[in-house]
2 protein chains.
Amino acid sequence: MNRNIKITIIEDDETIRNGYAYLIGATEGYEVVSTYCSYDEASKKIASDRPDVILLDIELPGTNGIDAIPKLKKLLPQSFILILTVYESEKLIFNALANGASGYLTKNTPSAKIIESIKEVKDGGGPMSINIAKLVIRSFQKNQESPLSKRETQILELIGEGKSRSQIAKDLFIDLETVRSHIKNIYVKLDVNSRADAIKMAKQNKLI
Amino acid sequence: MNRNIKITIIEDDETIRNGYAYLIGATEGYEVVSTYCSYDEASKKIASDRPDVILLDIELPGTNGIDAIPKLKKLLPQSFILILTVYESEKLIFNALANGASGYLTKNTPSAKIIESIKEVKDGGGPMSINIAKLVIRSFQKNQESPLSKRETQILELIGEGKSRSQIAKDLFIDLETVRSHIKNIYVKLDVNSRADAIKMAKQNKLI
DNA sequence: ATGGAATCACCCTAAAAGGGTGATTTTTTT
DNA sequence: AAAAAAATCACCCTTTTAGGGTGATTCCAT
């Protein structure tokens, strides 16, 4: 038999914390090794707990959950962090993932799914709530009705990579003046007059 | 009672196609309205099928699945597209999602999960296979051991937004020369000597 | 056949980039 | 407390780039 999955819970609400602890601890193969009500409290002792998975809330007293992620990762590089929160803001989700979280669940997630997600994350998966997955997928999706032509989009992408006109010309095997011409058209269509503004516009409208 | 979820399957392998069709059609609340072996064949008639969800393979004769996505979206803006394929390449996944797919499943997905995902996607969710979710999450994660300092990372991000030195100076309330100094240090650390190369390096190593 | 898309040309000026070589001060780490 | 790293600013220099204006030509699809 495999050893138990060791779990630490960091969550400020006592009722929720105890609820999860009970729920998970009662499941065969799962073991709650510690619970804390804040990162600041957890940081002192968590290293010796050696959890496989850390369930982390975002809203915490003192260091918030997002900022806690890289610190936890530093203390416990082998542990996986699973965010469990009520927040569905795009910014929070992306920051959490960028900082090193391995999964993101919302608190309305049924307990069976939470249990399953802990296992998934421990096995290197990346569990997400349905609505989170939707946001993540949407973040990838480009605007289907771009005012820009294919060539213009392509050039705008190269501008987004910081390339100069002449570099772009070389990359696309076209003349420098042609690149200029395209950029001018892009500026007119996007109603901007600088690279920075064009990139900003393009990202806002998911053109690139 | 709600009306059935109407599904169209586009898949070139006859055995697989019929297998899915049978499987899904036999499920209460699901109805396979049409099946096609290629996009080119589907394009003629699919508009009148009005499916809620299109199950789409990537590897297809003629127009491939990725290129078919925007075309299908144009024909049927209300339909959701769920990719069902063996491919797990990062590029394919991101292109599929960028082009407008609402979910991405691999073919080893158990049939119950496929059925569930169809419902999810129809309800506006974004289902993904476990391994796909992992790739997607990893794509968000930044390198935890960046050689760059916080300030340098911040400035590199602004460079990535196409901003000039002077714009960056204004944004950060520091002197133009200080920005220069940081950029020089960034170039040394990344071993590059242009904005474009710095951005390329940074993206390759997920520094920004 | 009309219009968008893609291509190229030449006018111009101001701004920006990049290399070199410093210094000072704060902050962090040891 | 000492050393290292980070953040700040200064002035030298030349070449490249950006952006505005105002054209033209060719190709392709509706």
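All chains are named by letter (A, B, ...) in the order of the sequence lines, taking the proteins before the strands, and each is independently numbered beginning at 1. Treat the numbers as computed from the prediction; the structure is a model and nothing was measured.
- In the set dC12(D), dG19(D), dC8(C), dC8(C) carries the atom at the smallest distance from any side-chain atom of E177(A).
- Phosphate contact (OP1/OP2 of dT8(D), side-chain N/O of H182(B), threshold under 4.0 Å): present.
- For the pair I183(B) CD1 and dG20(C) P, the computed distance is 15 Å after rounding to whole Å.
- Side-chain N/O atoms of R151(A) and base N/O atoms of dG4(C) include no donor-acceptor pair closer than 3.5 Å.
- A donor and an acceptor atom never sit less than 3.5 Å apart when one is taken from the side chain of S164(A) and the other from the base of dT17(D).
- Rounded to whole Å, atom C1' of dG19(D) lies 13 Å from atom CG of D197(A).
- Each of D175(A) and K189(A) was assigned the nucleotide of DNA chain C with the nearest heavy atom; the assignment lying further toward the 5' end belongs to K189(A).
- By the 4.0 Å N-to-carboxylate-O rule, K200(A) lies too far from E161(B) to be salt-bridged with it.
- When rounded to the nearest whole Å, the span between CD1 of I186(B) and C1' of dT8(D) equals 14 Å.
- At a cut-off of 3.5 angstrom, the base of dG18(C) holds at least one donor-acceptor pair with the side chain of R165(B).
- S194(A) comes within 4.0 angstrom of the backbone, heavy atoms only, and of no base.
- Atom CD1 in I168(B) sits roughly 16 Å away from atom C1' in dT8(D) (whole-Å rounding).
- To the nearest angstrom, P of dA7(D) lies 13 Å from CG of L156(B).
- Heavy-atom nearest nucleotides on DNA chain D were determined for R180(B) and for I174(B), and the one closer to the 5' end corresponds to I174(B).
- Not one side-chain nitrogen or oxygen of S181(A) sits closer than 4.0 Å to the OP1 or OP2 atom of dA6(C).
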What's the verdict on salt bridge (charged side-chain N to carboxylate O under 4.0 Å, His left out) for D13(B) and R17(B), showing C-alpha distance, side-chain angles and the deciding distance?
-> CA-CA 6 Å; D13(B) 186 292; R17(B) 188 173 67 242; over 6 Å; no
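- Between R165(A) and D175(A) no salt bridge is recorded (no basic side-chain N to carboxylate O distance below 4.0 Å).
- Side-chain atoms of K184(B) and base atoms of dT21(C) include a donor and an acceptor less than 3.5 Å apart.
- Phosphate proximity of dC8(C) to T178(A): present, with a side-chain N or O under 4.0 Å from OP1 or OP2.
- The distance from the CZ atom of R50(A) to the CG atom of L75(A) is 11.5 Å, given to the nearest 0.5 Å.
- Between the P atom of dA7(D) and the CZ atom of F173(B) lies a distance of 18 Å, rounded to the nearest Å.
- One atom, CG of L176(B), and another, P of dA14(C), lie 19 Å apart when rounded to the nearest Å.
- In this structure, the ring of F94(A) has its center no less than 6.0 angstrom from the ring center of Y104(A).
- N185(B) comes within contact range of no nucleotide atom at all, as no heavy-atom separation falls under 4.0 Å.
- Rounding to whole angstrom units, CD of residue Q167(A) and C1' of dG18(C) are separated by 13 Å.
- Ion pairing between D171(A) and K163(A) holds under the 4.0 Å rule for side-chain N and carboxylate O.
- The side chain of E152(A) lies closest to dA6(C), out of dA18(D), dA7(D), dA6(C).
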